Amino acid sequence: MKILVFGKDGQLGRAFKAVLDDRILKLAEQPAIQYLGRSDCDLADENAVIAVLKQAQPNLIINASAYTAVDKAETEMGLAFSVNAKAPELMAQYAAEHGATLLHYSTDYVFDGEKYGFYLEDDLRNPLGVYGKSKAAGEEAIARVFASALDTTGQYAIFRTSWVYGDGGNFIRTILRLAKEREELKIINDQYGVPTSAQWLAQVSLDLATNQQLAIQRFRSGIYHAVPAGETTWHGLACLTAQVAIQAGASLKVNPDAIKPILAIEYPLPAPRPMNSRMSTDKLRLALSQKDSNASNSYNDASGILEFPGWESMVREYVSSLARNQLI
């Protein structure tokens, strides 16, 4: 078993390293795992991507890398499409031709956010900015490659997620930094979504694609929405973050009451954001419901469908962990 992980220095790449390190401790036969960062393989370099895939000959490709500078993408369209669309297409071509499994990560930004309820996997893509368009192009390229493949043993999962946080820079860490510097914060309160733990996302991904021995198992190729249960706004997330940090003993200048809600229109940015990023996870929960998954704490007794944990509990643990490790 050979596993190739792109994006080792990002939040999701680091989460995969932690999860895989934990899982391989329990295995008699350990897989060969290779982690690559930008210095090892520039995803904007097509020849470099092809060469790495040929050299590694992976059974499982995990693309935890992406161009995620949402505003900067508006002026770096070529780079965004190279990393978010062309590189995944090359990974898909290798996987399809060699019967390998590809795990790829996408975003709520492929939607325009105008839907009232929760987005489904087959809802129409309508990205608002260059970043979202590049990620949508990546989704389409992967599906197109596998649809035309002669070898049908390869498989892929595209996990759409939102508001990711983990070991690295993210919204929660930014709020904690600002909360130590300022006595009042103004945070957007009319954009809805779900904060997602990178560690949880890595666990869910491996639960779908592998068994307890990290051997590849079959699943239905396609797009899966992967976010915890519940919903909130950026303002709601900021308030909970400050509250938990204070309870954990962190010294902040701001308290939750001093975090003021504002409208997105009051905080203009170069790239537009979807106002509604809520996504239904029924498809993924159903796919995992027959497995012994580490991604959930409970089951729905009435339907037998796996229930994902709520976003609040994971954010509380994350912020508390930052406090314990004196990272606030």
Side-chain angles (χ1 to χ4, degrees), residues 1-21 23-24 27 29-68 76 78-106 134-159 201-202 205-206 208-211 213-224:
M1 176 68 169
K2 297 179 181 179
I3 302 174
L4 181 60
V5 182
F6 290 95
K8 72 174 184 180
D9 300 317
Q11 295 184 109
L12 186 55
R14 290 171 179 167
F16 267 109
K17 177 73 163 58
V19 172
L20 286 168
D21 282 353
R23 294 195 180 189
I24 62 177
L27 302 180
E29 184 177 344
Q30 298 191 355
I33 307 177
Q34 186 174 0
Y35 298 93
L36 300 177
R38 186 180 300 174
S39 61
D40 306 301
C41 180
D42 182 359
L43 294 190
D45 183 341
E46 295 180 24
N47 291 329
V49 175
I50 294 170
V52 162
L53 290 167
K54 287 183 177 179
Q55 178 271 326
Q57 299 182 354
N59 308 104
L60 173 60
I61 303 167
I62 300 173
N63 184 25
S65 182
Y67 180 105
T68 58
E76 292 186 345
L79 181 58
F81 271 81
S82 292
V83 175
N84 291 343
K86 187 59 182 180
E89 181 180 10
L90 296 173
M91 296 175 201
Q93 288 172 352
Y94 180 91
E97 291 170 5
H98 295 83
T101 295
L102 171 64
L103 304 183
H104 176 72
Y105 296 85
S106 193
S134 69
K135 294 298 288 183
E139 291 185 1
E140 293 165 354
I142 291 169
R144 184 170 60 247
V145 166
F146 277 91
S148 60
L150 297 177
D151 185 338
T152 59
T153 59
Q155 57 184 358
Y156 74 92
I158 298 171
F159 296 98
L201 182 58
S205 306
L206 292 173
L208 179 69
T210 66
N211 61 21
Q213 287 70 46
L214 278 181
I216 298 294
Q217 60 184 12
R218 303 301 299 177
F219 58 85
R220 184 177 178 181
S221 287
I223 297 171
Y224 293 88

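Position 1 is the first residue of the sequence; numbering continues from there. Given the structure is predicted, the values throughout are model-derived calculations rather than measurements.
- When each of Leu43, Val145, Leu4, Ile142 is checked for a side-chain contact (heavy atoms from CB on, under 4.5 Å) with Met91, only Leu43 meets the rule.
- Between the side chain of Gln217 and the backbone N or O of Ala209 there is no donor-acceptor pair closer than 3.5 Å.
- Counted within 6.0 Å of CZ on Arg218, heavy atoms from surrounding residues, nucleotides or ligands total more than 12; the atom is thus considered enclosed.
- The minimum heavy-atom distance between Pro88 and Asn63, with the atom names listed, is CG-ND2, 3.9 Å.
- Counting only residues at least two apart or on different chains, the salt bridge (Lys or Arg N to Asp or Glu O under 4.0 Å) pairs with a member in residues 33-53 are Lys8-Asp40.
- For the atom pair Leu12 CG and Thr68 OG1, the distance stands at 11.0 Å (nearest 0.5 Å).
- With hydrogens and angles disregarded, a donor-acceptor distance shorter than 3.5 Å links the side chain of Asn59 to the backbone of Lys2.
- One distance of note links CG of Leu103 with CD of Gln155; it measures 8.5 Å at 0.5 Å rounding.
- In this structure, the side chain to side chain contact (heavy atoms under 4.5 Å, CB included) partners of Ile50, at least two apart in sequence or on a different chain, are Lys54, Leu90.
- The CD atom of Gln34 sits 12.5 Å away from the CD1 atom of Ile62 when rounded to the nearest 0.5 Å.
- Taking the side-chain hydrogen bond (donor to acceptor under 3.5 Å, both in side chains) definition, one finds that Asp21 meets it with Lys17, sequence neighbours left out.
- A search for ring-ring contact (aromatic ring centres under 6.0 Å, His included) contacts involving Tyr94 returns His98, not counting sequence neighbours.
- Remark: side-chain polar atoms of Lys135 are not paired, donor with acceptor, to backbone N or O of Tyr67 under 3.5 angstrom.
- Distance check: Phe159 CZ to Tyr224 OH gives 7.5 Å after rounding to the nearest 0.5 Å.
- Remark: Ala100 engages Ala95 in a side chain to side chain contact (heavy atoms under 4.5 Å, CB included) (not counting sequence neighbours).
- In this structure, Lys86 NZ and Leu79 CG are separated by 15.5 Å, a value rounded to the nearest 0.5 Å.
- Taking the six-membered ring for Trp and thresholds of 30 and 60 degrees, Phe146 and Tyr156 have ring planes inclined between 30 and 60 degrees apart.
- Summarising the geometry, atom CD1 belonging to Ile33 is positioned 9.0 Å from atom CG belonging to Leu60; distances are rounded to the nearest 0.5 Å.
- When the side-chain hydrogen bond (donor to acceptor under 3.5 Å, both in side chains) test is applied to Ser106, the partners found at least two apart in sequence or on another chain are Glu139.
- Looking at heavy atoms from C-beta onward, Met1 lies out of side-chain contact with Gln213 at the 4.5 angstrom threshold.
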